[in-house]
Amino acid sequence: MTNGFKEWALVCAALADGTTSLILRKGGIAEGRDGFRFKHDAFVLYPTLFHEQLAKTRLPAETPAPVLEEGLVTIQLWAVVEWTELITDRAILMQLEPHHILQPAVVEDRFIYDPKPGQTMQSDGVNVAFLRVWKASRPWQFPDESKYGGCRSWLELPDVPEDITWTPVLSDEEHAARLAELRATLSSS
């Protein structure tokens, strides 16, 4: 089986074209008692789509929505996690804005979780992962199934076909420069 990570199709597109190398995640409803964590060091990105997705990003309004084929899953990206961190300081999280595509309100929603009755708003923080992203030599498609649905981050997918090869989205130099820039942002906090 192959580890799959569900992510917005527009975030996947931004990872695919090198616009970003970050994923910010709070986790889905079905993450369990321990909440979300990046539990795999490598995975394919499973794109998800919903109508309001573009409005929740800082992408231009004319950005075309990715097209997902009904009844099919199309995988085109492989990601390797280089580092992860739980960011619990709002100021640090806001300094990451130039490095991702999400609207500040979306990041804030991920930072704050809804309290139980009688509690005040609380923050778990946001899990941030810096990825090295690889593009498939061809799209990998397989039938969509109900077991891939629901509000969860991790999936077990079929094995990746052996004829697919992977090419890095960013060159080694571009990737190293992005990592250095991000580390500089975090160390200045």
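Keep in mind that what you see is a predicted model, and the values were worked out from it rather than measured. Residue numbers start at 1 and run along the sequence shown.
Ring geometry for W8 against F50 counts as perpendicular: the plane angle is over 60°, on a 0 to 90° scale with 30° as the lower cut. The aromatic rings of F142 and Y148 stand perpendicular to each other, their planes meeting at an angle above 60°, with 30° marking the opposite boundary.
Closest non-hydrogen pair, I101 versus L10, comes out as CD1-O, 3.7 Å. K26 and N127 make their closest contact through O-ND2, 4.5 Å (heavy atoms, listed as atom of the first residue, atom of the second, distance). Closest approach of L24 to L102, counting heavy atoms only: CB-CD1, 4.3 Å. Minimum heavy-atom separation, T2 to V160: OG1-N, 3.2 Å. Scanning all heavy atoms of the two residues, the minimum distance from S21 to R178 falls at OG-NH1, 2.9 Å. Residues M94 and P104 come closest through the heavy atom pair CE-CB, 4.2 Å.
Put simply, CG on L96 and CD on E85 are 8.5 Å apart, with the number rounded to the nearest 0.5 Å. Rounding to the nearest 0.5 angstrom, the gap separating the CZ atom in F5 from the CG atom in L157 is 12.5 Å. Note that the CZ atom of F38 and the CZ atom of F130 stand 13.0 Å from one another [nearest 0.5 Å]. Note that CD of E97 and CD of Q103 are 8.0 Å apart. Values are rounded to the nearest 0.5 Å. Taking CG from L170 and CG from L179, the interatomic distance works out to 11.5 Å, rounded to the nearest 0.5 Å. Of the inter-residue distances, the one linking T84 atom OG1 with K39 atom NZ reads 14.0 Å to the nearest 0.5 angstrom.
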Report the C-alpha distance between V44 and W140 in whole Å, list the side-chain angles of each, state the deciding distance to 0.1 Å, and finish with yes or no for side chain to side chain contact (heavy atoms under 4.5 Å, CB included). CA-CA 10 Å; V44 296; W140 167 36; 4.3 Å; yes

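Salt-bridge check for R138 with D163: passed, with a basic side-chain N closer than 4.0 Å to an acidic carboxylate O.
No continuous path of ILVMFWY side-chain contacts below 4.5 Å connects W134 to V11, so the two sit in separate hydrophobic clusters. L93 and L131 fall within a single hydrophobic cluster, where Ile, Leu, Val, Met, Phe, Trp and Tyr side chains are chained together by heavy-atom contacts under 4.5 Å. A continuous path of ILVMFWY side-chain contacts below 4.5 Å connects V128 to I23, so both sit in one hydrophobic cluster. In the hydrophobic clustering of ILVMFWY residues, with side-chain heavy atoms under 4.5 Å counting as a link, Y46 and L22 come out apart. When hydrophobic clusters are built by joining Ile, Leu, Val, Met, Phe, Trp and Tyr residues whose side-chain heavy atoms come closer than 4.5 Å, directly or via intermediates, V80 is not grouped with L182.
Side chain of Q76 to main chain of C12: no donor-acceptor pair is present (N/O by atom type, distance under 3.5 Å, no hydrogens or angles).
By the side chain to side chain donor-acceptor pair (under 3.5 Å) test, Q141 pairs with E69, T74, sequence neighbours left out.
Under the salt bridge (Lys or Arg N to Asp or Glu O under 4.0 Å) criterion, the residue pairs touching residues 1-23 are E7-R25, with sequence neighbours excluded.
More than 12 heavy atoms of other residues, nucleotides or ligands shown are found within 6.0 angstrom of CG on D89.
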